[in-house]
Participant: 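Quick one: this structure, given as structure tokens, is what I'll be asking you about.
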Amino acid sequence: MVEKITSEDFEAEVLRSEKAVMVDFYADWCTPCKMLAPTVAELAEEYEGKIKVGKLDIDQNMDLADRYGVMNIPTLVIFKDGKEKERIMGLQPKEAVEDLIKRAL
């Protein structure tokens with residue numbers, strides 16, 4: 001399951017999570033983001049219980065996009081133990097996103 005993440009719950013949902021969390025930094029107007037969304041949802045289902053997956057709209061949460069240096073979207077960032085562990089940018093094939101998850105686990 002993919003959860004919506006906002007600035008208000010980012011610390012609790014991501015930084016203090018006991019599990020690794022993959023955050024999809026996206027925007028509603030972004031075509032590559034829309035193309036990546038089914039892959040993110042599929043992997044969230046396949047890795048349920050092992051990793052948490054959330055989507056963060058950069059237009060509504062610019063502070064976090066700035067804080068984590070997200071300059072291009074889509075950007076997938078995996079956080080573990082409150083720190084960034086892995087990052088991948090742009091539209092990626094499922095295998096590349098899955099490799100990102102495996103490296104972080």
Participant: Is the closest side-chain donor-acceptor distance between Asp63 and Ser7 under 3.5 Å?
Facilitator: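 A pair is found: one side chain offers a donor N or O, the other an acceptor, under 3.5 Å apart.
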Participant: For the pair Asn61 (side chain) and Asp57 (backbone), establish whether a donor and an acceptor sit closer than 3.5 Å, ignoring hydrogens and angles.
Facilitator: yes
Participant: Main chain of Val21, side chain of Lys80: is a donor-acceptor contact present, judged purely on distance under 3.5 Å?
Facilitator: no
Participant: Applying side-chain hydrogen bond (donor to acceptor under 3.5 Å, both in side chains), can you list everything that pairs with Asp66, at least two apart in sequence or on another chain?
Facilitator: none
Participant: Considering residues, nucleotides and ligands other than Lys50, do more than 12 of their heavy atoms fall under 6.0 Å from its NZ?
Facilitator: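 No - once you tally the heavy atoms of other residues, nucleotides and ligands closer than 6.0 Å, there are 12 at most.
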Participant: The criterion is ring-ring contact (aromatic ring centres under 6.0 Å, His included); which residues satisfy it with Phe79, sequence neighbours excluded?
Facilitator: Phe10, Tyr68
Participant: Looking at Val97, Ile51, Val2, which one forms a side-chain contact (heavy atoms from CB on, under 4.5 Å) with Leu43?
Facilitator: Val97
Participant: Measure the CD-OG1 distance between Gln92 and Thr75 for me, rounded to the nearest 0.5 Å.
Facilitator: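 Atom-to-atom, Gln92:CD and Thr75:OG1 are 10.0 Å apart.
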Participant: Under the ring-ring contact (aromatic ring centres under 6.0 Å, His included) test, which residues partner Tyr47, sequence neighbours left out?
Facilitator: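 Per chain and number, Tyr47 pairs via ring-ring contact (aromatic ring centres under 6.0 Å, His included) with no residue.
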Participant: Does this structure show an ion pair linking Lys94 with Glu46, if we count only N-O contacts that are shorter than 4.0 Å?
Facilitator: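 Here Lys94 pairs with Glu46 in a salt bridge, since their nearest N and O are under 4.0 Å apart.
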Participant: Could I get the full list of salt bridge (Lys or Arg N to Asp or Glu O under 4.0 Å) partners for Glu84, not counting sequence neighbours?
Facilitator: Arg87
Participant: Under the side chain to side chain donor-acceptor pair (under 3.5 Å) rule, what pairs show up with a residue in residues 30-40, not counting sequence neighbours?
Facilitator: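 Qualifying pairs: none.
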Participant: Taking the side chain as everything from C-beta on, heavy atoms only, tell me whether Ile73 gets closer than 4.5 Å to Pro32.
Facilitator: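 No - every pair of side-chain heavy atoms lies 4.5 Å or more apart.
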Participant: I need the full list of disulfide (SG to SG under 2.5 Å) pairs touching residues 73-105, with sequence neighbours left out, sorted by first then second residue.
Facilitator: none
